Amino acid sequence: MARVYNFSAGPSVLPESVLRRAADEMLDYQGSGQSVMEMSHRSKTYDAIIKECEALLREVMNIPDNYKVLFLQGGASSQFAMIPLNLLTGSGKADFLITGQWANKAYQEAARYGEAKVIASSKDKTFSYIPEWDEADFTPDADYFHICMNNTIYGTKFHKLPETGDVPLIADVSSCILSEPIDVSKFGILYAGAQKNMGPAGLTVVIIREDLIKEPQACTPTMFKYSTHSENDSMFNTPPCYSIYICKLVLEWIRDEIGGLEKMKEINEKKAKLLYDFLDESAMFRGTVEKKDRSLMNIPFVTGNDELDACFVKEAASAGFVNLKGHRSVGGMRASIYNAMPIEGVEKLVAFMKAFEAANA
Ligand SMILES: *Cc1c(COP(=O)(O)O)cnc(C)c1O
């Protein structure tokens, strides 16, 4: 069996030990005689899985007691609507930092349900940096302030947070959740599609401060109310059962094999440094992002020559380094090095890039 090194931005690589465990338990989950995919979500066996998943997430992320954890569907993209529908009920205003396509989608969707204001944007340079902001521009009575913490497509990350005072800070953490410790108490809501760092697609995790679960706008569909899911412990309807089970295995892997998020961060910093150091010294390849704003998870780079980029992506794939083609809006290459990418994968990629550079100089 040949496993490739998969640099996909999402859905993305999962820890091999998680996949092996899932395979072992596929036909007969812990003596139940069924796969987790087949069992009732109301069964005792499944109830233990979802409860354990939540308990592990709380433990690994150190989530305070006054936050609810919701396991939803619809992707991070549904949150772009769910957040304004549930939160734009006071002044009806929200502030946004536009750092890429996802941040912009959250803004555009909110503008359908209230008054959405752009505080700063980095669109002028293809989102290759995190823009400066001026607190004087913040809306003092906003219902929330939204950021996309790690910009998957462009490879930037917030290294400092806007100080929003009493206005709840909401962050899309789809591509950086579980990559390093995060102080949950600084946020009103954290949300993430699971398919980058938590498990398979189909699961969306929402971590929400309890006081933000309130009566939404009148038109809000039942399935889009946070209260619906909170009151029913994410069991109002059938949850994404199998994705939650894999997420539980991933969390066990982080806790028991990695040793928690501090350790995960150390490993991720080591991996990112390997690639960034090479990009900084290479005469052929260069990173596309301002150094101060670099992401730990998504690393876009180019040669400056489209043909050479295409040739690199093709040869890399033949050598077992797959999904390195950059997002269509940026071009070039992007290596997504999520938690489950082993350090050898990055070491070998860098060695391959060095050899490619020597051969094509
Ligand atoms: C992938 C991604 C999304 C979209 O997630 P879906 O689950 O496909 O809706 C949104 N935001 C960020 C930061 C992402 O990386």
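This structure is a prediction, so every number in the text was calculated from the model and none was measured. Counting starts at 1 for both ligands and their atoms, following the listed order.
Heavy-atom separations between Gly10 and ligand 1 are all 4.0 Å or longer. For Gln195, the heavy-atom gap to ligand 1 drops under 4.0 angstrom.
Scanning the protein heavy atoms around atom 2 (C) of ligand 1, the nearest turns out to be Lys196 NZ, 2.4 Å. Counting only heavy atoms of the protein, atom 9 (O) of ligand 1 lies nearest to Ser77 OG, 2.6 Å.
Annotation for Lys44: atom NZ does not count as buried by contact number, only 12 or fewer foreign heavy atoms lying within 6.0 Å. The environment of CG in Asp65 is sparse: at most 12 heavy-atom neighbours from other residues, nucleotides or ligands sit within 6.0 Å. More than 12 heavy atoms of other residues, nucleotides or ligands lie within 6.0 Å of CD in Glu281, so this atom counts as buried by the packing criterion.
Interface atoms of ligand 1 facing Cys148, defined by a heavy-atom separation under 4.0 Å, are 13 (C). Residue-ligand proximity, Thr152 to ligand 1, at heavy-atom distances under 4.0 Å covers atoms 12 (C), 13 (C), 14 (C), 15 (O). Close approach to Asp172 involves these atoms of ligand 1, each under 4.0 Å from a residue heavy atom: 10 (C), 11 (N), 12 (C), 13 (C).
Asn86 and Tyr113 are not linked by any side-chain donor-acceptor pair at a separation below 3.5 angstrom, with hydrogens and angles left out of the test. Tyr5 and Glu344 share no side-chain donor-acceptor pair at under 3.5 Å. With hydrogens and angles left out, the side-chain atoms of Asn298 and Tyr338 include a donor and acceptor closer than 3.5 Å.
Polar contact with ligand 1: present for Ala76 (N/O pair, distance under 3.5 Å).
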